[in-house]
Amino acid sequence: MEFSKLFGFLSILKESLQLLPRNKKLLALSSFLYFPLSSILFSILNFKLKFLIHDIIFKASLLSTSIHNTLKIKKICGDIKEDFRILLSIYVTILVVLSLLSFLYAIATIILSSISYNNTNILLKDFVFKIPKAFKYAIITRLYTYMFSIGYFLIVLFFLSPILISSSNIFLYSIGIFVGIIFFLFYRYLSVVWILALVISVIEEDCYGIKAIANAGRLIKGNILNGFMLNILSSIISLLLYQSYLKIKPKGVVNQTLMSIFLVFSSSLFSFLLLVAYTVLYSHCKKNHKEEVELEGNFEYSKV
């Protein structure tokens, strides 16, 4: 019994994969819009940042040869300042757009997963109109979970900073690493409720923010181990992807960009599967509490 509970998340992943063929046209459309756009934006960001950083380094090196030329030093400093301004504006703009695209894709994924799980179909126009409607609720929940995350990391930093400062002491440093791992595992445990709250905000109308988080905490009872194991699996895959990037170390801007895009694509793909799994987990939680999943909008049942 304990073994089946520990690996219950595998059955959820299996169910998640079985959902993918349903509503495949809308799923393919949303994926086609998200992945190419995010790849293009990421490529622009990567190329532009590398170019500007090299330009700043080159101009900074000129300062050493222009010690006695005040006007030239002022001009170089002005150029470096302008490059930093462009660098920051490009980075922030593309990062905001990428985050927005990722969030919209997450909402679309949850909507389609919920519809597929309940063996229903949705028209394209209803699907398109449902995304912005769900967005206004989901963004409020996401802001709350971000605030909780920031608060948690500040607490962790408060406890770990005295230990990490004493990094010369191997014993204290080892304790710091151990405590850090415990804090990380507890964070992944807490994030089960936060991710489920996001799913609730998208599926259930007028349930968002603190209300969605409280509802997620109530529903997840008895199933939190499955969510925790899904989060641990997600962390392991992310770590493996990052380690593979460090080991390969592609040379050249083009190769580095292509490798980075591949890693971002792989990470995004698993994040997509994780959201599908959490939508399945949400449906399991509703069944365990003998509650029905209420779908808002116009749907028609499909044959399975």
Side-chain angles (χ1 to χ4, degrees), residues 3-20 27 30-31 34-43 45-46 49-50 94-95 98-99 101-103 105-106 109-110 113 145-146 149 152-153 156-157 160 164 173-174 176-196 198-199 223-281:
F3 182 84
S4 61
K5 280 186 177 182
L6 185 62
F7 292 96
F9 75 100
L10 293 176
S11 64
I12 291 174
L13 282 175
K14 184 182 177 181
E15 281 186 73
S16 304
L17 292 171
Q18 290 171 344
L19 293 183
L20 298 183
L27 182 61
S30 57
S31 299
Y34 171 69
F35 285 110
L37 279 174
S38 59
S39 297
I40 290 167
L41 286 170
F42 188 79
S43 300
L45 180 66
N46 197 49
L49 287 184
K50 285 185 180 296
I94 293 181
L95 197 65
L98 280 171
S99 299
L101 280 173
S102 178
F103 193 59
Y105 184 61
T109 299
I110 294 168
S113 302
T145 57
Y146 273 161
S149 297
Y152 181 80
F153 281 116
V156 172
L157 191 64
L160 286 183
L164 294 175
Y173 191 71
S174 301
I177 292 173
F178 177 75
V179 173
I181 292 170
I182 297 299
F183 272 123
F184 173 75
L185 291 174
F186 188 61
Y187 171 76
R188 298 307 287 164
Y189 182 84
L190 291 174
S191 63
V192 174
V193 174
W194 300 339
I195 299 171
L196 191 64
L198 179 65
V199 174
N223 275 292
I224 198 161
L225 182 61
N226 289 329
F228 178 67
M229 292 304 292
L230 286 170
N231 286 350
I232 293 299
L233 181 62
S234 172
S235 299
I236 290 170
I237 289 175
S238 298
L239 180 62
L240 290 174
L241 287 171
Y242 180 68
Q243 287 295 325
S244 64
Y245 177 76
L246 293 179
K247 285 184 178 180
I248 295 171
K249 290 182 181 178
K251 294 180 180 179
V253 178
V254 176
N255 290 334
Q256 287 176 1
T257 302
L258 290 173
M259 185 61 185
S260 299
I261 289 173
F262 172 74
L263 291 176
V264 170
F265 177 83
S266 302
S267 179
S268 299
L269 187 62
F270 190 78
S271 296
F272 155 76
L273 288 173
L274 184 67
L275 284 172
V276 177
Y278 261 92
T279 308
V280 173
L281 178 62

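Listed here is the closest heavy atom pair of Leu185 and Phe228: O-CE1, 3.3 Å. Counting all heavy atoms, side chain and backbone alike, Ser31 lies closest to Pro36 at O-CD, 3.7 Å. The shortest non-hydrogen separation linking Val276 to Ser113 is CG2-OG, 3.3 Å. Scanning both residues, Ser16 and Val280, for their nearest heavy atoms gives OG-CG2, 3.7 Å. When every heavy atom of Ile12 is checked against every heavy atom of Ala277, the shortest pair comes out as CG2-O, 3.4 Å.
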Notebook entry, point to check: Is there a side chain to side chain contact (heavy atoms under 4.5 Å, CB included) between Ile236 and Leu240 once you walk through the steps?
Noted result: CA-CA 6 Å; Ile236 290 170; Leu240 290 174; 4.0 Å; yes
Checklist line | Criterion side chain to side chain contact (heavy atoms under 4.5 Å, CB included) on Asn231 and Ile195, from CA distance to verdict | finding: CA-CA 10 Å; Asn231 286 350; Ile195 299 171; 3.6 Å; yes
Next item on the list: List the steps and the verdict of side chain to side chain contact (heavy atoms under 4.5 Å, CB included) for Leu20 and Leu273.
Entry: CA-CA 9 Å; Leu20 298 183; Leu273 288 173; 4.1 Å; yes
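Between the side chain of Thr279 and the backbone N or O of Leu275, at least one donor-acceptor pair lies under 3.5 Å. A donor-acceptor contact shorter than 3.5 Å links the side chain of Ser191 to the backbone of Arg188. A distance-only check finds no donor-acceptor pair linking the side chain of Ser234 to the backbone of Leu230 [under 3.5 Å].
Using a 30° and 60° split on the angle between ring planes, Tyr152 and Phe186 fall in the tilted class, from 30° to 60°. Ring pair Tyr34/Tyr105 is parallel by interplanar angle, where below 30° counts as parallel and above 60° as perpendicular.
Annotation: side chain of Val193 is not in contact with side chain of Thr145 (no heavy-atom distance under 4.5 Å). Here the side chains of Val199 and Leu281 are not in contact, with every heavy-atom distance at 4.5 Å or above.
Atom CG of Leu17 is separated from atom NZ of Lys14 by 10.0 Å, given to the nearest 0.5 angstrom. One distance of note links CZ of Phe35 with CG of Leu101; it measures 11.5 Å at 0.5 Å rounding. The CG atom of Leu98 lies 9.5 Å from the CG atom of Leu37; values are rounded to the nearest 0.5 Å. To the nearest 0.5 Å, atom CZ of residue Phe153 and atom OG of residue Ser149 are 6.5 Å apart.
When the shell of 6.0 Å around OH of Tyr189 is examined, it contains 12 or fewer heavy atoms from other residues, nucleotides or ligands.
The distance between the ring centers of Tyr278 and Trp194 does not fall below 6.0 angstrom.
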